[in-house]
Amino acid sequence: MQFDELSPKQQEAISINDKHLRIIACAGSGKTTTIAGKVAYLLDPANGYDLKPENIIAFTYTDKAAAELKNKILNASGHYTGMANMYIGTIHGWCLKALQDNIYEYQSFSVLDEIKLKLFIDKYYERIGMKDIAKLSNPAVPLRRFIDTSIFARIMDIVRESDLENELPENIKSAKKKYEQTLLSKKFFDFSMIMDRAIESLKPDSNLTKKIEQSLKYLIVDEYQDVNPIQEKLINKLHEISGCNVVVVGDDDQNIYQWRGSNNKYIINFDKKFNEAEFKNIPLGINYRSSEGITRLAETLIANNIDRIRNKSMVSDHRQSFAKGQDLLFNEYDSVSEENEAIAEYIENIIGVEFSDREEKKRGLAYSDIAILLRTWSKAETIVEELDKHNIPYITAGVNQLFETPEVEGALGIYYFLYGDIEADELIKLWTKLPNNRLDVKKLKMAVDNLSKRKPDLNTVRDNWEYSLQDILWEFIVDGEIYEDNFIDDSNSEILKKSREKAEIIFFNLGKFSQVINDFEEINFNSVSPARHLFSFLSFITYAARDYYPQGWLNNPYKTPNAVQIMTIHQAKGLEFPVVIIPGLNKNYLPSKKKGGLNEWHFLDRALISEQPRYEGNDDKEDERRLLYVAITRSQKYLLLSRAPDLDNRLYRVESQFAGELRRANVLVQDKKEDFSSQLKIDSKPKEKIKNISLDFTTLKDFFDCPYRFKLVSMYGFKFPLNQRMGVGRSFHNALMEIHKRAQKQEELNTKDLIRLVERQTNFPYLTKSTKLKRPLWRKVRNNVVDYYEDNKDDFDNIEFVEQDIQYKLDENILVLGRIDLIKKRNESGKFETTIVEFKSEDKPIVTRVTKDQLKLYALGHRELTGQRADYIMTYIIGENNPKTPEKLLDSDLNEIEDKIKSAVEKIRDEDFTKVEDKEKCDSCYENRLCYYRLKYNSKCIR
DNA sequence: TGACCGGAAGTTTTT
DNA sequence: CTTCCGGTCA
C-alpha cells in the first residue's frame, strides 16, 4: 500500500517518530497495515532515520499474528539487508531467544506446553511441594495429585506473572522455588519462567542488557490492551535500558483475556508515563470493515462500559452499505430448537446474496463467509445437529470427542489388551468395525499375536529396559497393515471422494492420538518399569487426558474448506466475516455465569495479588460486554442476534441485560424472518483467500522428500517413537554452538573448559535410571567435541555468523524461515570467500539423508540477509574421519531451489499429498512404517 | 416483599 | 464450592 492511500490519521501514526505513541485502533481500522507501514517508513533511508532492522522489535500476541505482521512488513518494505534480524514475534518468543542467545546453559532447554507441564507437575508432585499447599479454610486439605494439577499450575502462573501486594506465605514461596528448581534440573522452562528469567537477565551490565542498549531503538507492542503485569515490566525495562521509542497499539475495548491478568489499565494510563512533549495519542477511529449499522450498534453497547478511554469513536467508512431494517436482526423464538432451525434457514437463505469485499468484484455469499460465534462450547452441540440436518457444511474447532472416536478406541484397545483388560478378539473387533475398511483380519490377528509378546512382565524389573508405547502403536499399524489406503473405496468417483475424506478424518484422529502418546512419553518415558509405564499411561487416559486436552485442539491448520465457521468469540478475535450469527443472548450465557467449584483462590490469598478481582472477572460485566463488542465488530455487514428461553435449563430463560442495551442503538429489527428472497442472488463463491504460508525448513524437507510424509507429520501429526539414545545429535549441536560463539569472542578453551562445556550442553532426556548407556553416550559426545575443537580451532578466526536466523520471501504470501548453524568467511588472497556449514551427526535417531537442498535454501536466506551469494556449501558430519567436503555453490542452484519451493507450496495449497514413487526414498523415510508404499517397495521399517 | 431453602448447574485459552 | 432460580413461608 502506498503512503498516500492511507488516511491522515494512519499517515500521522506512521510519520511521527520523535515521540512515544499510543495508537488506539478501533476494530477494522487497518492496524496491521499501519504498523507495517510504520516499519517500512522507518527503514526507508529516504526518510533519514538511519535505522537498521535489528533496531526494531515488534511484539505480537500470537504466532499467527506475528506471521501476518511479518508478511505485511516485508511486503511494504524496500529490499534491505539484514531483515531477518528484526524481531517480530511474541513476547515469550523474544524472551526465549534472548536467553538462549546469551546464556550458554539455556541453549539445551526446551519449553513445556500446558499439557506436558501438567504431566510434569503430576510426575514430580512430591518434589515440587504441591502437597504443602493447602486450603486456606482448612489446612488439612492439600492440593491433590492428578486432580488439582491445573490449580497448582494456575497458582504458579499467578504468583509469578502478577504484581504482589505482599510477601508470599512460606508454603507457596518454597513450592515455587522447588518447582522451578525441578524444572531447571530437567532442562525445562514453563512459559512464565521464560519471561521471569529474561527480566532477570536484564540486570545492569549483563550481556543482554548491553546488546539491548546498543541496538534497540523502536519497540512496537501490538494488542497492548492484553498485556499483563510481568509483560508490562519487561516492556518498561527494555525502554529504560535502551531509551527506545515505545509505540503501543491496541484497543482498550477489546481486552478479553483478563483471567490471565491482562489489564487494560496499561493502555488506558500509558499517557501518564510520559510528559506531554514526549507523548502523542493517535486514534484510528475509521472502521474500514463494517457497515454503519454495525459500528453504531457496537458503539452503543460499549458506551455502557465505564472503564475505558474517553473521547474516542468508531465510524464506518461506508465501504459496506447499511440497509436498515434488513442487515441487523434480533430475533426471539419460543425454544432453542426453533432458534437453531431459524439459524439454519437464515444460512440457507443468505447463500448467494450479492456481496463485495473491499476492492473485490461482486460475488454471492458462500458458507465460509458465515461465522457462528459462541460464548461457551456447550452451546455448539445442538446447533451442529441442526446444521447436519440441513446438510450445511461447517467446521468447528471445538467439541472434542477424540477418545470416543472408533479409531482412537481401537488404538486405545491396544493398551487395554496389553494390560489384560480386554481379550484378543475384542481388540480385533474394535478395528474391524471401523467404517468401510478393507483391513485383513488375518493380518490383524498377527498384529495381536505380536502384541502379546510385548505384554509387560509385572513381576520382574529388568535393567536398562525400553518400553515405547509409541513404538507399540506403530508396530501394530505395520503388522495389521492399517493404512489410509485401506479405507478408500474407489468404486465410483462420488464414493471415492467421500471415503477419502473419511479416511483422512480417521488418520487425523490417529495422528492426534500419536501426539497424546508423545506428550505422555516425553515426560514419563523413563519411569520405573514397563508395567508401571503402561499403567500410568492408562490412568492418564482415564482420569486426566480428557481434561488436559483443550477444546479446539483438533484444529487443522492446512485445511480451509468452504464451510460455516463455528467458534468461540475469543477465537474470533482479529477475524472478520460478511455474516456473523450470535445465538443465545440470554442471561447467564452472555454475560456468562461464573464457574464454581474448587479454584486457586481457595489456596491463594486474594489479598496478596494486586488487582485480584480481574482474575475472577468481577468488574460489573464490563469484560463480558467487551466480548459481545468483539463479536459484533467481526461482522462486515450482516448480523443475526437471536435468543430463546432454554426449556431444559432454567439458567437460560431470561434475556441478557445486553439485549436492552443493543436495542437502544435503533438499528436492529426485531423478530423479522429475513428470507432474502427478494434480493438478487448470484453465484455463491467463497472468498479468494490469499493464504499466507510460513514454512520452516524441516517441514519443507518433508515435503521435498515425499508429500505424503509431510501429510503424516504436519497434518496428521504422527510422532516418531522415542528411545533412550535420543539427544546425542542435539547435544553435539549445542556444544558446537557454544564453542563457536566463544571463539567469536576470542576465547581459547582448554580441555577442562571443553569438558565443562560438554557437561552443560549434554542432555539425554529419555534415559532410564538404571541404564548403563549414560557413560558411553556422554563419552561419545565429549570425544567428538574435543576432536572437532582440535581439528578446527585454526579456522575459528573465519567465523562470521553462528546460529544465524534467516528468512526468504518467495512471493507476496510465502515466507520460509530457518537458522544456519555456521557461516565462515575466509580471506583468500585478498578475495573473501563465504562457506555455509550445516552439522549432522551420523547417529541421529531419525535418518536424515544428507541433502544439498537444505544448504541451498540456507544460501538463499544468506543472500537475503547479506546481499551476497555464498561461495561454498558444506555438510560437516561429526564423528567421521573426513568430514569436510565443501562444494561450490552456483547461481543455478539457487534458482533450482526457488522453483522447488514454489511447486511445493502450490501443492500444499491444492492439498496434493501424493506419495512419491521411489524405492530409495521409501527406504530412507523415517515414517515409512505408516505408509502403504513400504509394502509396495518391500522396504525395511525404520526404527 | 424479603428471607430462606433445596435443587441444579456452572467459561474463555495463548505462550 | 458457588451461584442462581424458583418455590415456600412469614
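Each chain gets a letter, A, B and so on, in the order the sequences are listed, and its residues count up from 1. Keep in mind the model is a prediction, meaning the values are calculated, not measured.
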### Message
Output the rounded distance in Å from CD1 (A:Ile91) to C1' (B:dT15).
### Response
10 Å
Candidates [options] - which lies nearest the side chain of [X]:
X	options	value
A:Glu114	C:dG6, B:dT15, B:dT11	B:dT15
A:Thr62	C:dT2, B:dT14, C:dC1	B:dT14
A:Gln258	B:dT12, B:dT13, B:dT15	B:dT12
A:Tyr61	B:dT15, C:dG6, B:dT14	B:dT14
A:His602	C:dC1, B:dT13, B:dT12	C:dC1
A:Arg260	C:dC4, B:dT14, B:dG7	B:dT14
A:Trp377	C:dC5, B:dT14, B:dT12	B:dT12

For [N], take OP1 and OP2 only and decide whether either is under 4.0 Å from a side-chain N or O of [X].
X	N	answer
A:Asn599	C:dT2	no
A:Lys587	C:dC5	yes
A:Gln571	B:dT13	yes
A:Ser378	B:dG10	no
A:Asn649	B:dG10	yes
A:Lys379	B:dT11	no

### Message
Are more than 12 heavy atoms, taken from residues, nucleotides or ligands other than A:Asp334, located less than 6.0 Å from that residue's CG atom?
### Response
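12 or below, so no.
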#### Entry: C1'-based separation of B:dT13 from C:dT3 [nearest Å]
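The same atom, C1', in both gives a distance of 23 Å.
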### Message
Would you measure the distance from the P atom in B:dT12 across to the matching atom in C:dC1 and give it in whole Å?
### Response
23 Å
### Task
Tell whether A:Arg653 reaches the base of C:dG6 with its side chain through a donor-acceptor pair below 3.5 angstrom.
no
### Query
How is A:Tyr589 classified with respect to the nucleic acid when contacts are heavy atoms under 4.0 Å: base, sugar-phosphate, or nothing?
nothing
### Message
By the 4.0 Å heavy-atom rule, please label A:Ser592 as base, sugar-phosphate, or nothing.
### Response
base
Please give me the minimum heavy-atom distance between [X] and [Y], naming the atom from each residue.
X	Y	answer
A:Asp132	A:Lys178	OD2-NZ, 3.5 Å
A:Leu202	A:Ile212	CD2-CG1, 4.1 Å
A:Lys211	A:Asp101	NZ-O, 4.4 Å

### Task
Report the C-alpha separation of A:Glu68 and A:Lys72 in whole Å, then their side-chain angles, then the decisive distance to 0.1 Å, and conclude whether the salt bridge (Lys or Arg N to Asp or Glu O under 4.0 Å) test is met.
CA-CA 6 Å; A:Glu68 248 162 62; A:Lys72 275 214 172 155; over 6 Å; no
